[in-house]
Amino acid sequence: MNTAMNTDSHPRQTVVFSNASFAALRFGSSLGGAHHPVNSYLVITPLGRVLIDPAEDLWPQHLPQKPDVVWITHTQREHVAGAANFSDVPLHVPAGDEYLYRGHAAYEAMNLTWQPPWDWETRGNYQGHCAGARSERPPQNALAVGGVIRAGDELFGLKVFATPGHGKNALSFLLEIEDRKIAFCGDLICGEGQLWNWFDCDWDYGLQSGQRSLLQSAHALARQKPDVLLPAHGEPILDATRTLTLLAARLEAVLHDEAPEVAPLNFPDNDQPCDGWRKLLPRLFQWKSGNCAALISQSGHALLFDDGLCNWSPVETRADFHDRTLTNFKAALPESLKPARIEAVAVTHYHGDHIENIPDLIALENSELLCLESVADIIERPADFNLACTLPWYGAAHQAVPVTHRLPH
């Protein structure tokens, strides 16, 4: 049975705080799965009632009072799905997340390609995906958004603070009652100075912007000197400042920026056999600005390792550039090394900047593609895999590459 549709199931209710004027109630969901259980909160103040992050199995009959508004700390399906059960209550979401509330189908239809200009500093930091991989979890069905919440807002007795990290637009809500500060902090922290998970902080591709933002958010919330943290997962955190400090220290240990003390393996630069290429060994050559190396055998056979020239020009010019680059390379080789053709290309992994030009190579040289079994399906059917930096993300002329030979490890 789908627990979320069983309105007789009762999420576990816990009273976090209560007096004559204020109450903070926690509802632990009874759902299973990788992202559960989750916490929802009902805050009752003299100024109104706010339902925070309603889980899918939370229904009006589970609450002692009807909320005036639903607020979301960060937009992920498990924390917003219950808003559909309160359709007559205005839903207010973090500013910047509105597009996620159009539902899963609209999210899937978003443009998931790397748009020009191809700037490496923003190569994964796009709305709705991380380098082509779906990195957010919108609600399955569209939800009507009644308003947005921004840092600096103060409504219903709650102060709003920006705490990005688990979500680019994540917020925390601070409530002051009887000289105590209670912070509803979403997925900023979980347990004893831990993260609920690392993955949801991956906004970009390899630049750690989300994790670094979460570190700054931990510092910022600690400066507010909360007494209690009410996270979206796990138990209330009663020693808030100390636990936030512990989280920050752990993140700083991982995100240190000290340069590693290693000497790079390097070779004297040269233009051999022609401009753009570098001779590494008598029969081994490397394309300097991309992902391509050529090995020439003693019998005159040529093998490429990857074929991605990283020529981020308009897509209609890339094939011509690729063909000229390889034709010039072969023509410039000394007679003792000239191959009749490039007979094969072996790929190291599935990223599009390593395989983009292989279909053009096959057309130019009738080459064969050698690929590990573990990678072949991703190259031939990238749309079946929710992975970053597959070929379609690069906006290339080809969406997939046919594999000639699947090789075991």
Side-chain angles (χ1 to χ4, degrees), residues 114 118 120 263-376 378-380 382 389-391 394-409:
W114 186 18
W118 293 279
W120 284 109
L265 177 65
N266 213 338
F267 295 84
D269 199 16
N270 56 71
D271 287 300
Q272 297 184 36
C274 57
D275 287 348
W277 290 87
R278 178 189 291 117
K279 182 178 179 180
L280 302 180
L281 295 171
R283 296 178 178 274
L284 180 64
F285 304 86
Q286 177 189 46
W287 176 247
K288 293 182 185 181
S289 58
N291 302 313
C292 182
L295 181 65
I296 312 297
S297 74
Q298 291 183 340
S299 57
H301 299 278
L303 168 67
L304 289 190
F305 290 93
D306 295 336
D307 192 1
L309 302 185
C310 297
N311 174 39
W312 308 127
S313 60
V315 65
E316 59 271 12
T317 68
R318 295 183 195 178
D320 180 65
F321 178 82
H322 168 264
D323 293 355
R324 284 188 288 106
T325 296
L326 291 187
T327 299
N328 292 343
F329 167 74
K330 289 170 58 180
L333 287 168
E335 288 299 323
S336 60
L337 293 180
K338 284 188 185 298
R341 67 185 179 93
I342 298 172
E343 297 192 12
V345 54
V347 299
T348 59
H349 61 292
Y350 62 81
H351 283 175
D353 58 331
H354 288 254
I355 66 173
E356 177 185 6
N357 302 117
I358 291 177
D360 300 318
L361 176 69
I362 293 172
L364 180 69
E365 298 278 323
N366 194 28
S367 303
E368 297 183 343
L369 173 57
L370 316 178
C371 183
L372 284 175
E373 292 173 335
S374 57
V375 178
I378 304 171
I379 290 177
E380 289 193 317
C389 296
T390 55
L391 182 56
Y394 287 84
H398 314 282
Q399 295 295 298
V401 179
V403 175
T404 313
H405 299 290
R406 292 171 175 245
L407 306 178
H409 284 281

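Annotation: side-chain hydrogen bond (donor to acceptor under 3.5 Å, both in side chains) contacts involving residues 358-368, sequence neighbours excluded, comprise Lys330-Glu365, Asp360-His398, Glu368-His405.
Leu303 has its side chain out of reach of Ser297: every pair of non-hydrogen atoms, C-beta onward, lies at least 4.5 Å apart. With contacts defined as side-chain heavy-atom distances shorter than 4.5 Å, the pair Arg318/Leu309 does not qualify. Residues Arg283 and Gln298 meet the side-chain proximity criterion, which asks for heavy atoms closer than 4.5 Å. Counting heavy atoms from C-beta on, the side chains of Phe285 and Pro273 come closer than 4.5 Å. The shortest side-chain heavy-atom distance between Pro339 and Leu333 falls under the 4.5 Å cut-off.
The ring pair (Phe, Tyr, Trp, His ring centres under 6.0 Å) test applied to Trp277 returns Trp287, Phe329, not counting sequence neighbours. The side-chain hydrogen bond (donor to acceptor under 3.5 Å, both in side chains) check on Asp269 picks up Arg278, Lys288, with sequence neighbours excluded. By the side chain to side chain contact (heavy atoms under 4.5 Å, CB included) test, Ser336 is found to be paired with Pro334, residues two or more places apart in sequence or in another chain being considered. With sequence neighbours left out, His354 forms a ring pair (Phe, Tyr, Trp, His ring centres under 6.0 Å) with His349. Residues forming a salt bridge (charged side-chain N to carboxylate O under 4.0 Å, His left out) with Asp275 (at least two apart in sequence, or on another chain): none. Applying the side chain to side chain contact (heavy atoms under 4.5 Å, CB included) criterion to Pro314, with sequence neighbours excluded, gives Glu316, Thr317. Applying the side-chain hydrogen bond (donor to acceptor under 3.5 Å, both in side chains) test to Glu343 and every residue at least two apart in sequence or in another chain returns His301. Listed by chain and residue number, Trp114, Trp312 satisfy the ring pair (Phe, Tyr, Trp, His ring centres under 6.0 Å) test with Tyr394 (two or more places apart in sequence, or in another chain). Ile362 is linked by a side chain to side chain contact (heavy atoms under 4.5 Å, CB included) to Ile358, Pro402, counting only residues two or more places apart in sequence or in another chain. Under the salt bridge (charged side-chain N to carboxylate O under 4.0 Å, His left out) criterion, Arg406 pairs with Asp377, Glu380, sequence neighbours left out. Listed by chain and number, the residues in a salt bridge (charged side-chain N to carboxylate O under 4.0 Å, His left out) with Lys338 amount to none (sequence neighbours excluded).
The shortest non-hydrogen separation linking Cys274 to Ala332 is CB-CB, 3.8 Å. In this structure, Leu281 and Lys279 approach most closely via the heavy-atom pair O-CG, 3.4 Å. When all heavy atoms of Leu407 and Leu370 are compared, the pair lying nearest together is CD1-CB, 3.9 Å. The two atoms that bring Pro282 and Leu337 nearest to each other are O-CD1, 3.6 Å, heavy atoms only. A pairwise comparison of heavy atoms in Ala397 and Val315 identifies N-CG2, 3.3 Å as the closest pair. In plain terms, the two heavy atoms of Ala302 and Ile296 that are nearest each other are CB-CD1, 3.8 Å.
Expressed to the nearest 0.5 Å, how far CG of Asn357 lies from OG1 of Thr325 amounts to 8.5 Å. Distance check, rounded to the nearest 0.5 Å: OH of Tyr350 to CD1 of Ile355 gives 10.5 Å. With rounding to the nearest 0.5 angstrom, the CG atom of Asp307 is 7.5 Å from the CD1 atom of Ile342. Here SG of Cys292 is found 12.0 Å from CG of Asp353. Values are rounded to the nearest 0.5 Å.
For the pair Asp306 (side chain) and Thr348 (backbone), a donor-acceptor distance under 3.5 Å is present.
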Run the side chain to side chain contact (heavy atoms under 4.5 Å, CB included) check on Leu391 and Glu356 step by step: do they pass? CA-CA 6 Å; Leu391 182 56; Glu356 177 185 6; 4.0 Å; yes
